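Step one of this worksheet: look at the structure below.
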Amino acid sequence: MAFSQVQCLDDSHVNWRSSEAKPEFFYSEEQRLALEALVSKGPQAFYEVLKKENIRDFLSELELKKITESLETYDPGSEFIPRHGGGDSDGDCTSQGGEGELAPSLEYWPQRSDRSIPQLDLGWPETAAYRGVTRAVVYMQPPIDGQAHIKEVVRKMIVQAQKVVAVVMDMFTDVDIFKDLLEAGFKRKVGIYIIVDETNVKYFLQMCERRLPDWRNLRVRTTGGTEFFTRSATRFKGALAQKFMFVDGDRAMCGSYSFTWSAARTDRNVISVLSGQVVEAFDKQFQELYLMSRGLSLKSIPMEEEPEPEPFTLPSVMPVTPANAMVKKLINPKYALVKAKSAEQISKMSTERQASAGRNKMMDSKGKALPEGQSTERQNDMADLAPPIHPGLLNMEKANMFDYLPTWVEPAPGAATPGVARPSQTCVSPPAPRDALFTRPCFRLQHKALSATHTCAVA
């Protein structure tokens with residue numbers, strides 16, 4: 001039922017009049033009669049009705065030609081007749097117009113659906129209650145004020161996609177953008193949905209024949225504009241003029257830019273990149289178009305060999321000479337476990353050490369020398385297990401710490417001992433403090449020599 005007929009059922013819309021001068025003017029019965037005459041009798045009858053009803057000419061020559069060329073006889077149920085080669089793409093074989101689909105039943109059965117609703121089987125972002133603050137950025141072609149090119153903006157949005165990319169286009173023949181979509185679907189497993197105008201779908205298929213390595217994560221469907229039905233059992237349909245791209249549920253691109261080489265190079269276009277709550281309208285619109293569209297089969301197109309994913313290579317790390325502080329830690333036995341990789345390696349190393357020690361004792365007890373090869377291997381193993389030594393400490397003389405320790409000489413029998421009172425004295429002098437012993441000249445020289453030795457060892 002037409003919207004004008006629905007409005008007539010509203011009680012508040014009785015005898016409502018709207019002239020062509022008002023902005024809300026949309027439907028006109030006189031224009032409908034003129035279109036009926038054009039469809040049934042031709043352009044001459046159309047102009048006669050315009051003159052008779054005293055209305056102005058509302059169709060251009062281009063629109064007249066397009067309507068007359070797109071006329072077709074309307075046969076209810078003919079759209080459900082199976083068509084060869086018109087099935088859906090892989091994984092979407094139950095949508096409207098697919099091969100083997102039966103016509104809907106004429107029985108009224110509200111609990112059962114005549115046709116299955118096409119599902120977004122590649123995934124779809126969850127609907128959020130609030131998508132954030134609305135933001136918009138406008139880009140022109142040619143670019144102005146140092147802005148990025150509109151094709152660069154679109155390709156970056158595709159490269160940054162992580163969940164889904166939904167495209168609605170009237171004309172899609174740009175190989176670069178199509179290649180980016182295929183790579184996003186194959187390498188990052190992003191769901192790719194494309195809806196193309198049915199009158200221009202042949203050009204899209206020609207592009208697919210030149211570049212279609214893998215279409216398993218790709219769903220392509222076609223649709224057109226709204227239909228106009230006449231009383232003479234004829235109809236004509238408009239075109240799909242919407243152009244937008246919906247990415248990951250939180251960004252959208254819309255404007256006059258079509259995905260063609262000419263639109264990005266020679267034509268003047270404008271696009272708007274939107275984010276936030278405003279993208280909810282594009283979410284609903286795409287799902288509605290996907291429901292009304294017809295699936296397009298890509299199985300007849302020869303597919304290239306499956307591309308191999310790019311190998312993931314780890315960045316090479318250059319060996320770094322350890323610092324002096326790290327060398328000190330490696331020399332200290334308590335840091336020996338830092339070099340081990342696992343508990344199994346630690347236990348294995350300890351077992352090998354015990355076995356080699358037992359073997360050495362056995363060979364020493366028998367008085368037999370190891371062969372030259374085995375002795376070399378054992379020396380190499382011990383060299384690998386030994387902690388690294390700083391070059392400054394290699395040929396350094398070891399210090400004997402016992403020579404530098406202070407010693408106290410036992411007093412001779414009968415000699416006076418500091419801090420011990422004689423029997424004849426009544427007062428006892430306090431014992432000399434230990435720090436006072438180090439104030440003697442001999443201990444002062446020993447302390448300086450010990451400090452100098454430690455300084456050289458650290459350096």
Side-chain angles (χ1 to χ4, degrees), residues 23-24 26 62 124-185 188 190-197 199-200 203-204 207 220-221 223-226 238-290 293:
E24 57 270 16
F26 180 73
L62 180 61
W124 193 257
E126 297 181 358
T127 303
Y130 181 66
R131 302 175 188 258
V133 180
T134 298
R135 292 181 173 86
V137 183
V138 180
Y139 297 90
M140 300 290 182
Q141 163 58 27
I144 59 175
D145 298 335
Q147 289 183 336
H149 196 274
I150 57 175
K151 185 175 180 179
E152 177 185 352
V153 174
V154 172
R155 296 187 67 179
K156 284 185 177 179
M157 291 180 66
I158 298 174
V159 171
Q160 297 171 0
Q162 299 296 329
K163 300 177 182 178
V164 65
V165 177
V167 178
V168 177
M169 277 292 143
D170 59 339
M171 178 72 76
F172 193 163
T173 57
D174 195 306
V175 181
D176 298 331
I177 297 179
F178 188 57
K179 178 177 177 292
D180 293 340
L181 291 173
L182 293 178
E183 289 183 354
R188 304 195 303 273
V190 178
I192 307 297
Y193 301 97
I194 300 176
I195 299 179
V196 188
D197 183 27
T199 58
N200 299 323
Y203 306 111
F204 177 79
M207 178 192 63
V220 182
R221 301 177 70 86
T223 188
T226 58
L240 176 64
Q242 295 180 352
K243 311 171 188 178
F244 67 88
M245 184 174 66
F246 181 70
V247 180
D248 288 347
D250 55 4
R251 289 177 297 165
M253 182 279 301
C254 64
S256 62
Y257 173 52
S258 300
F259 289 173
T260 62
W261 183 91
S262 301
R265 294 284 183 173
T266 59
D267 300 344
R268 293 185 179 272
N269 289 289
V270 58
I271 61 172
S272 299
V273 178
L274 309 173
S275 61
Q277 189 62 27
V278 70
V279 302
E280 184 177 2
F282 296 94
D283 189 349
K284 295 180 179 179
Q285 179 64 17
F286 184 84
Q287 295 189 46
E288 183 178 355
L289 290 175
Y290 197 85
S293 59

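Please read all numbers here as calculations on a predicted model, not as lab measurements.
At least one side-chain heavy atom of V164 sits under 4.5 Å from a side-chain heavy atom of P125. A heavy-atom distance below 4.5 Å is not found between the side chains of V167 and I195. Here the side chains of M253 and V154 are in contact, with some heavy-atom distance below 4.5 Å. Looking at D176 and R155, their side chains come closer than 4.5 Å, going by heavy atoms from C-beta outward. When side chains are defined from C-beta on, M245 counts as touching M157, because their heavy atoms get closer than 4.5 Å. When side chains are defined from C-beta on, F172 counts as touching I194, because their heavy atoms get closer than 4.5 Å. Using a 4.5 Å cut-off on side-chain heavy atoms (C-beta onward), Y257 and Y139 make no contact.
The main-chain N or O of D170 is found under 3.5 Å from a side-chain atom of N200 such that the two form a donor-acceptor pair. The closest donor-acceptor contact from the side chain of H149 to the backbone of R265 lies at 3.5 Å or more, if one exists at all. With hydrogens and angles ignored, the 3.5 Å screen pairs a side-chain donor or acceptor of R188 with a backbone N or O of V159. A donor-acceptor pair under 3.5 Å links the side-chain atoms of Q147 to the main chain of V138, judged by distance alone. Formation of a donor-acceptor pair under 3.5 Å by the S256 side chain with backbone atoms of V270 is found in this model.
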Evaluate the side-chain contact (heavy atoms from CB on, under 4.5 Å) criterion for residues C254 and L274: first the C-alpha distance (whole Å), next the side-chain angles of each, then the deciding distance (0.1 Å), finally the verdict.
CA-CA 8 Å; C254 64; L274 309 173; 4.1 Å; yes
Run the ring-ring contact (aromatic ring centres under 6.0 Å, His included) check on F178 and F204 step by step: do they pass?
CA-CA 10 Å; F178 188 57; F204 177 79; 5.7 Å; yes
Derivation of the side-chain contact (heavy atoms from CB on, under 4.5 Å) call for V175 and M207:
CA-CA 7 Å; V175 181; M207 178 192 63; 4.1 Å; yes
What verdict does the side-chain contact (heavy atoms from CB on, under 4.5 Å) test give for Q287 and W124, after you've listed the backbone C-alpha separation in whole Å, the side-chain angles of each residue and the deciding distance to 0.1 Å?
CA-CA 10 Å; Q287 295 189 46; W124 193 257; 3.2 Å; yes
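Between D197 and G224 the shortest heavy-atom distance is OD1-CA, 3.9 Å. Contact between R131 and Q277 at its shortest, heavy atoms only, is N-OE1, 2.9 Å. In plain terms, the two heavy atoms of A184 and I192 that are nearest each other are CB-CD1, 4.5 Å. The two residues L240 and M169 have their closest heavy-atom pair at CD2-O, 3.9 Å. Looking at every heavy atom in both residues, A263 comes nearest to I150 through O-CD1, 4.2 Å. Here the shortest heavy-atom pairing between V165 and A161 reads CG2-CB, 3.5 Å.
With a 6.0 Å cutoff to the six-membered ring centre and a 45° limit on the axis angle, R221 counts as a cation-pi contact of Y290.
Taken from CD in E288 to OG in S293, the straight-line distance is 11.0 Å, to the nearest 0.5 Å. Atoms OH and OG1, from Y203 and T260 in turn, are 12.5 Å apart once rounded to the nearest 0.5 Å. Taking CG from D250 and CG from D283, the interatomic distance works out to 10.5 Å, rounded to the nearest 0.5 Å. Atoms OG and CZ, from S275 and R251 in turn, are 8.5 Å apart once rounded to the nearest 0.5 Å.
Checked for salt-bridge contact, K156 and E152 meet the test: a charged N lies under 4.0 Å from a carboxylate O. Comment: K163 does not engage D248 in a salt bridge, judged by the lack of any side-chain N to carboxylate O separation of less than 4.0 angstrom.
Two rings, from F246 and F286, have their centers 6.0 Å or more apart.
A donor-acceptor contact closer than 3.5 angstrom is absent between the side chains of S262 and D267.
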